[in-house]
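Please read the structure below before turning to the comments.
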Protein chains: 2
Amino acid sequence: MSMEESAYVRPTFTKLPFDKKERILDVAIDEFSRCGYEKASINRMVGRLGIAKGSIFQYFGSKKNLYFHIFEHAVALVKRSLKRVKAGTEGEDFFIRLAKSLQAGIYFIRRYPRIYQIYLKMLFQEDFPFRADLLKTIRLFSIDYLRPIIEEGVADGQLREDLDPELAAFFLDAVLDRFLQAYCVAYMDSGLGLYQADEKAIEARIKDCIEMVRLGMAAGGPPASESVAKSMEHRA
Amino acid sequence: MSMEESAYVRPTFTKLPFDKKERILDVAIDEFSRCGYEKASINRMVGRLGIAKGSIFQYFGSKKNLYFHIFEHAVALVKRSLKRVKAGTEGEDFFIRLAKSLQAGIYFIRRYPRIYQIYLKMLFQEDFPFRADLLKTIRLFSIDYLRPIIEEGVADGQLREDLDPELAAFFLDAVLDRFLQAYCVAYMDSGLGLYQADEKAIEARIKDCIEMVRLGMAAGGPPASESVAKSMEHRA
DNA sequence: CGATAAAATGACCAGGTGGTCATAATAGGG
DNA sequence: CCCTATTATGACCACCTGGTCATTTTATCG
C-alpha cells in the first residue's frame, strides 16, 4: 500500500519520515471527513499538526492535490478490500457471497469510518471538478465487482436465467449502498435500527435483506431459505 | 401553497409584490442547488437580482433562514406530490402503486430539478446544524408514505404475509431513492442508462425494477407478470 | 403639501480562506 | 568546519464571506 508515487505528492513529502507522513495524512483525513472539502481548513490542519502552513503547500502544492491524494489512497483501500472478499468467496453460493460482501462493507466502514465519510460527502457535491472522475472510478469498480458475481450466479443456476445482469447490478448496488449508508448516517434506516447497530443486529438484518433480494416481496413464492443464516454463523 | 407564514421570513418580505418574491426565491434556489449551502454566495445572489445585499438580510435575517425557508417550501412540495399519488392510487394493486409512486418521483424531479439537487447536497453534509431535523422530516415522511401502502399490500394478500413491514419499507426506500438519484446524477446508474433518460426508457426500467422487487432474483420462482406493464401504458 | 413610517441601499466590518515567498534553519558532502 | 542544497517557516497577500447599520429613498396618510 505504498503511496510514494502519487501524482499529487511532491518529492519533499515522499522523503519525509514515515511517521510524520502518517500523522499529516491522518490529520488531513480527519479534517476532510469532518468538514467536507469546502469547509476543511488548511489553517486548522497545520494548527493541529504544529507545522507551518507553507509546508503543506510544499508537500502537495494545493488543497485540491491533498484531497485527491487522500482520495486515491481511499480508492486503493476499497479496491483491496473488495478484491479480498471476491477471492475469498470464489465458488460459493451467490447469496452467501452477497451477504459476505455486505458484511465486508460494514467491516470496512468500522475500520475506516472517516474514509467512508469523505466518500459520502463528495457524492452529491458535483461542483468541484474531477468529482466525475472520482465517482466514475468508484462506481465503475462497484459494477466490475458485482457483474461477474451475478453472471456466475446465473451460470450456476442460482439466479433466474432470464435475469438482466445490468438491472441486477443496479438493484444490488442500490440495496447494498443504502444498507451501508443507513449504518453510518442517522435517519437513513427507515426505522430498521441499522444506524450504528451492533454486530448481532447487523448480521440479522443482512440476512433479512438478502432473503428479500432472493425471494422478492410478492406472495406465493417459495418459502424462505435457511442457507444464508447458516453460512453466516461460521464467521462470527 | 402560501409561504407567507413561514418562521424564517420577516414581514417585510411577505409584503413584497408576488413577482419580486418569486424572483428572489428563484435566484436563491438556483444558487443553493448549484453550489450547496456552504459555497452559495449571498453576494452572487444580490448581484444577479440587482438588489442590495442588506435587503436579503432584511427579508430573511440570515443565510441560514433563507435556506430553511426554501427547504420548508421544498418539503411542502414533496408532501403535496406524495399525497396526490397516494390518494390517486388508493385501492390499486400494490406493485402498480409502487410503479406509479416511482413515476411520480421522476415527474417531480423533472418539474423541480433544482429542489431535488438541494436535497441531495444536504444529504451527507452533516456539518451544519438542523441537518438532522431536515433529514428526519423527509425520511420519516417517506416512511409514513410507504408503511401504510405496504400494510395494505399484505392485508390484500399481494405481499407475503410474513413480510416485515419495516424491512420492506427500508428495502423499497433504498431502491426507489437510488432510482431517482441515478436519473439525475451521473454514474449512479450502474450502466443501466437511467441518467437523464427519456420517458420511454424510464417507464421500461421502472417496470423492470418493480418486477425484481416482486419476484426477487432467485431461480425457481413464479414467472414474471405482465400486470405492471399493462397498467402503466394507460397513463402515457 | 409635509410628516412620519417603512423599506432599500451599499460602504463597511471582522474574520477566514487558499496560497506565496523571502528568510531562517537544517542536513549532507567535501 | 564550511559551503551548498534542501526544507521549514510564518508573516503577508488578495480575495471573499456573512452580516451590520447609518443614511437615503420610497410609500403612506392626514
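The basis for the numbers below is simple: all heavy atoms, side chains too, and nothing from hydrogens, waters or symmetry mates. Throughout, a chain's letter reflects where its sequence line sits, starting with A, and its residues are numbered from 1.
By the ring pair (Phe, Tyr, Trp, His ring centres under 6.0 Å) test, B:Tyr112 is found to be paired with B:Phe108, residues two or more places apart in sequence or in another chain being considered. A:Tyr59 pairs by the ring pair (Phe, Tyr, Trp, His ring centres under 6.0 Å) definition with A:Phe13, not counting sequence neighbours. Residues meeting the ring pair (Phe, Tyr, Trp, His ring centres under 6.0 Å) test with B:Tyr145, sequence neighbours left out: none. Residues satisfying the side chain to side chain donor-acceptor pair (under 3.5 Å) test with A:Arg84, not counting sequence neighbours, are none.
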Any protein N or O atoms within reach of nucleotides 18-28 of chain C? Criterion: under 3.5 Å, listing atom names and distances.
residue	atom	partner	partner atom	Å
C:dG18	OP1	A:Ala40	O	2.8
C:dG18	OP1	A:Lys63	NZ	2.7
C:dG18	OP2	A:Ile42	N	3.1
C:dG18	N7	A:Lys53	NZ	3.0
C:dG19	OP2	A:Lys63	N	2.8
C:dG19	N7	A:Lys53	NZ	3.4
C:dG19	O6	A:Lys53	NZ	2.9

Pick out the pairs of N or O atoms, protein on one side and nucleotides 3-7 of chain D on the other, that lie under 3.5 Å.
residue	atom	partner	partner atom	Å
D:dT7	OP1	A:Lys15	NZ	2.7

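Residue pairs meeting the side-chain hydrogen bond (donor to acceptor under 3.5 Å, both in side chains) criterion with at least one member in residues 164-179 of chain A, sequence neighbours excluded: A:Arg139-A:Asp173, A:Arg139-A:Asp177, A:Ser142-A:Asp173, A:Arg147-A:Glu166, A:Asp164-B:Arg205, A:Asp173-B:Arg178, A:Asp173-B:Ser190, A:Asp177-B:Arg178, A:Arg178-B:Asp173, A:Arg178-B:Asp177. For residues 165-187 of chain B, the ring pair (Phe, Tyr, Trp, His ring centres under 6.0 Å) pairs, not counting sequence neighbours, are A:Phe171-B:Phe171.
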Show the atom names and distances, to 0.1 Å, of all donor-acceptor pairs under 3.5 Å that link a side chain in residues 47-56 of chain B to residues at least two apart or in another chain.
residue	atom	partner	partner atom	Å
B:Arg48	NH1	B:Asp30	OD2	3.0
B:Lys53	NZ	B:Asn43	OD1	2.8

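A:Arg44 places its CZ atom 6 Å from the P atom of C:dT17, with the value rounded to the nearest Å. With rounding to whole Å, B:Ile56 atom CD1 is found 15 Å from C:dA7 atom P. The separation between B:Leu49 atom CG and C:dT9 atom P is 11 Å, rounded to whole Å. The distance from atom CG of B:Leu66 to atom C1' of D:dT17 is 15 Å, rounded to the nearest whole Å.
Distance alone, capped at 3.5 Å, is enough to place a donor-acceptor pair between the B:Lys63 side chain and the B:Tyr37 backbone.
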